[in-house]
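Keep in mind that what you see is a predicted model, and the values were worked out from it rather than measured. Residues: numbered from 1 along the sequence shown.
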Amino acid sequence: MADKVLQVEIVSHEGRLWHGVGTSVQIPVVDGQLGILPGRQPMLAMLNAGTVLVTTKEGVQTCTVDSGFVSVDSDFVTVVADHGTIS
């Protein structure tokens, strides 16, 4: 599983905030914090305001988001926020 990765895209009304490859993603959802690793079953969840953390080979990319939703399917993570900023 060490060679598996996630394709991650974070978008908002402002446009695409970030996209790239990560080894894990942490996302604030309405009922807590969600950790996503490669191979996760498909899912859809509602975002809570907070910080999305994407672990990449270069380090950790952070993005502050508002409400919205996250979709996970076939190792592709899409975060759709009402508003967001790259930290």
Side-chain angles (χ1 to χ4, degrees):
M1 188 157 144
D3 60 341
K4 293 197 175 207
V5 293
L6 298 163
Q7 297 292 325
V8 183
E9 184 168 39
I10 304 171
V11 298
S12 73
H13 291 292
E14 292 88 12
R16 181 188 278 176
L17 300 174
W18 188 85
H19 74 283
V21 176
T23 55
S24 69
V25 183
Q26 290 182 314
I27 298 175
V29 292
V30 293
D31 55 352
Q33 192 76 5
L34 176 66
I36 301 169
L37 296 172
R40 179 166 179 92
Q41 292 291 325
M43 61 154 293
L44 184 65
M46 292 177 53
L47 281 179
N48 199 14
T51 303
V52 174
L53 303 171
V54 181
T55 303
T56 68
K57 289 183 179 181
E58 293 79 32
V60 177
Q61 178 65 52
T62 61
C63 181
T64 304
V65 295
D66 243 349
S67 60
F69 67 91
V70 59
S71 169
V72 181
D73 190 19
S74 301
D75 290 338
F76 197 94
V77 179
T78 305
V79 178
V80 180
D82 289 337
H83 299 284
T85 57
I86 293 296
S87 306

Sequence-distant partners of Thr85, side-chain hydrogen bond (donor to acceptor under 3.5 Å, both in side chains), two or more places apart: none

Nearest atoms (heavy-atom pairs only) where Pro28 meets Gln33: CA-OE1, 3.6 Å

Selection residues 65-79 - residue pairs positive for side-chain hydrogen bond (donor to acceptor under 3.5 Å, both in side chains), sequence neighbours left out: Ser67-Asp82

Inter- and intrachain pairs under side-chain hydrogen bond (donor to acceptor under 3.5 Å, both in side chains), touching residues 37-55, at least two apart: Ser24-Thr55

Partners meeting salt bridge (charged side-chain N to carboxylate O under 4.0 Å, His left out) with Glu14 (sequence neighbours left out): none

Non-neighbouring partners of Glu9 that pass side chain to side chain contact (heavy atoms under 4.5 Å, CB included), sequence neighbours left out: Val11, Arg16, His19, Phe76

Using a 4.5 Å cut-off between side-chain heavy atoms of Ile, Leu, Val, Met, Phe, Trp and Tyr, which other residues end up in the same hydrophobic cluster as [X]?
X     : value
Val30 : Met46
Ile10 : Leu6, Val8, Leu17, Trp18, Val25, Ile27, Val29, Leu34, Ile36, Met43, Leu47, Val52, Val54, Val65, Val70, Val72, Val77, Val79, Ile86
Leu53 : Val60

